[in-house]
Number of protein chains: 2
Amino acid sequence: MKRPTIDDVARQSGFSLSTVSLVINDRGYVSAETRRKILEVVGRLGYHPTRSARGLASRTSGNVGFILTEDHFSQAEPFYTRIFLGTEFESRNFHYYILLTTVPSVGSHIETPRFLLERHVDGVIIAGKVSHKLIEHVESFGVPIILVDYEVKRRRYSAVLIDNRAGAHLAVRHLLATGRSAIGFLGGDIDHPSIAERLEGYREVIAESGKEELISTAETETRSANGFSAMQDLWNRGVRPDAVFAANDAMAIGGMQFLKQQGVRIPEDIALIGFDDIDTCRVMDPPLSSIRVFKEEMGRIAVQRLVDMITAKTTTVVTTHVPVELVVRASSAPIEVDVGAPGQPSLQA
Amino acid sequence: MKRPTIDDVARQSGFSLSTVSLVINDRGYVSAETRRKILEVVGRLGYHPTRSARGLASRTSGNVGFILTEDHFSQAEPFYTRIFLGTEFESRNFHYYILLTTVPSVGSHIETPRFLLERHVDGVIIAGKVSHKLIEHVESFGVPIILVDYEVKRRRYSAVLIDNRAGAHLAVRHLLATGRSAIGFLGGDIDHPSIAERLEGYREVIAESGKEELISTAETETRSANGFSAMQDLWNRGVRPDAVFAANDAMAIGGMQFLKQQGVRIPEDIALIGFDDIDTCRVMDPPLSSIRVFKEEMGRIAVQRLVDMITAKTTTVVTTHVPVELVVRASSAPIEVDVGAPGQPSLQA
DNA sequence: TCAGCTTCTCGAAACGTTTCGATCGCTAAG
DNA sequence: CTTAGCGATCGAAACGTTTCGAGAAGCTGA
């Protein structure tokens, strides 16, 4: 009871190996009649080509590598995880599988992902901030690369990026529109292009409005604990903000914890808005306003672009900016208006 | 500038293909001197065997399949995702890659995962509740299988399970210990073995304590929205609970939203505890007590067991029950004691 | 009529490994 | 002194595809 091979199909259909192969791959010239007969045998035998054999002969693996730093991977905040899931989902449509691997975080030595050594991937997705050395190293294996949520200035790589500037504009304009005037920025890890862009966006709108900047970017990471410290920093200066735009939701969460601990009321005394729109936003009390980032969508686009690069052999560099969306929840409600019962289950997605 | 093959290593070292292969796979009899020489050439050339060729010749893929229903996959609650990440992490230690695929949820027709058709995996991990037909179908491909967080009564499969009963005992005993007396159970999807066991555990402790059962299991799913309805149901009966044990955190979250909306104070009027200990618990207000499930650990164990089965060719059925842990937060604080400022950043992990 | 396409099919050569005997010299057991 | 067994190495045969080049047959236009 062995599995049928392409030989069996050839023998039973009366055609040669090569012709069967052409039919299976839907390539070259094959008469309709021949195709029909061969497919009939394929169906009857339940034949399906074997990946390894196909890979060996055609020098393709049918896999795509996904590289993530250990930091991002182990982070509780499921941001990159969502992007990864998006790639997983989309890759099915192109008959690829995703091989995930983590690499030591920025600064450490480079460890070559095994899937590159084994020629086990046809292209690579790199998500988040990684060392440039690593990117160049991956490149040296001659596979197409696409970056997600990261950019390299010196050299142009295809990338899928968040429209951070637009998002920051939305957030800050929203805070201004609700009547706030002293608007702070809760930042950290300012080296990350995404964070830097959010800060720029903030600055642009603040400048335009004639208000004063109120910025904290001393923290080196953008986790919840850093948000706590950053908010503390911001709160104990001369000017107290009546609204804060956080570089991401994790920081906003930490910031909210600090404010609650101080007995500051949200949104009555201070409005708060984050960035990313992670799931947690909805269950917080008050629910956290945020800039929605379509994380799964970013993963999907990355796969589409990468498959383009793999199949078309094109070397064109394509940068895609994925739009964002303002999601208003109770944490940034206008001061005057009744906010509604806190903790009410939000109807928005 | 081609990559070196095993041929190159053989030629340059002066030994045969077979001997080089033996050295690379660390198998069979090779003298220390020969090994040294060959490894020297391997190092010098930067040789690394190609997966496809190896796979073809040895009939192994070096991959492990991970099957998840679409429901579980797209669920916001990152429970199975964490298990998946655990498998990802552990698989590196065994030089395997994980291929994730989703299947239509229970009830639909069976769609054979492509990695099985292509002989692209050496074993399969199935997570969560799936149809028995699917399991049998996967089995028919002759690869080892391990279930995670699911059991089949009729037939014994190796499985990695949560110690749900013990968890339920911990939760309910904890509620009793804090002075609560009318303890409710917020359930749903009672067909799921894990949920059923949590209910059983609840019942056992309640019976032992001489109190009365107060159970809602009408809901068919265990999402947040169902928790909202189930709590509503429980709340509007004759006896009002002063503590509730929810079948999982998602339901507890929904329940909490309902209670807040009613103006019920937590934990003063009612204590609440969930199950799973998802990340969200910590940022809720009040932070939600829960039974911690070591999700990544479950994934790791699954990989270890599966690799055992793949390499040792053993057919022994091994069931592992992963212990759980009680995590007390403000939502289940005793009535008398001062709870501390709400929303205070919890120091526990 | 003939050269030059196009359509269709096939044989054979890769692709880069593992694995299965076979051989050979040496040592230990009988 | 045999003989069995082990350590070390090798040649050759898989493993199951894709791909390349060639050839036959039919059609088209000059």
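For clarity, every value in this text was computed on a predicted model and none was experimentally measured. So that the names make sense, note that chain A is the first sequence line, chain B the second, and so on, each numbered from 1.
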Can you tell me the distance, in whole Å, between the [atom1] atom of [X] and the [atom2] atom of [N]?
| X | N | atom1 | atom2 | value |
| --- | --- | --- | --- | --- |
| B:L56 | D:dA14 | CG | P | 13 Å |
| B:E118 | D:dG16 | CD | P | 15 Å |
| B:Y29 | C:dG21 | OH | P | 17 Å |
| A:K37 | C:dC10 | NZ | P | 11 Å |
| A:I24 | D:dT17 | CD1 | C1' | 9 Å |
| B:L22 | D:dC10 | CG | C1' | 10 Å |
| A:D122 | D:dT18 | CG | C1' | 15 Å |
| A:D8 | D:dT17 | CG | C1' | 13 Å |

[X] side chain, from C-beta outward: closest of [options]:
| X | options | value |
| --- | --- | --- |
| B:F15 | D:dT9, C:dT17, D:dT19 | D:dT9 |
| A:T19 | C:dT9, C:dT19, D:dT9 | C:dT9 |
| A:S16 | C:dG11, D:dT9, C:dT18 | C:dG11 |
| B:R59 | D:dT17, D:dG16, C:dG16 | D:dG16 |
| B:S31 | D:dT9, D:dT17, C:dT18 | D:dT9 |

At 4.0 Å (heavy atoms only), tell me whether [X] reaches a base, stays on the sugar-phosphate, or touches nothing.
| X | result |
| --- | --- |
| A:R35 | nothing |
| A:S21 | base |
| B:T50 | sugar-phosphate |

Quiz item: Which residue, B:T34 or B:A53, contacts DNA chain D at a nucleotide closer to its 5' end, judged by nearest heavy atom?
Solution: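 Residue closer to the 5' terminus by nearest nucleotide: B:T34.
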Exercise. Please step through side chain to side chain contact (heavy atoms under 4.5 Å, CB included) for the pair B:I24 and B:I6, ending with a clear verdict.
Key: CA-CA 10 Å; B:I24 287 165; B:I6 198 172; 4.2 Å; yes
Quiz prompt | Member of A:F84, A:Y150, A:Y80 meeting the ring-ring contact (aromatic ring centres under 6.0 Å, His included) criterion with A:H72 | solution = A:Y80
Quiz item: Given that B:I6 and A:S18 both sit by DNA chain C, which one's nearest nucleotide is further toward the 5' end?
Solution: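 Closer to the 5' end of DNA chain C: A:S18.
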Quiz item: For C:dT17, does OP1 or OP2 lie under 4.0 Å from any side-chain N or O of B:Y47?
Solution: yes
Practice problem: May I ask you to evaluate whether B:R27 reaches the phosphate of C:dT19, defined as a side-chain N or O under 4.0 Å from OP1 or OP2? | Solution: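 Result: yes.
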Exercise. With B:E40 as reference, evaluate B:R44, B:R36, B:K37 under the salt bridge (charged side-chain N to carboxylate O under 4.0 Å, His left out) test and give the passing residue.
Key: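 For B:E40, the salt bridge (charged side-chain N to carboxylate O under 4.0 Å, His left out) check succeeds only for B:R44.
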Quiz item: If you measure from CE on B:M298 to CD1 on B:I162, what distance do you get to the nearest 0.5 Å?
Solution: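 Result: 4.5 Å between the selected atoms.
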Practice problem: Please identify each residue that fulfils ring-ring contact (aromatic ring centres under 6.0 Å, His included) with B:F141, with sequence neighbours left out. | Solution: B:H137
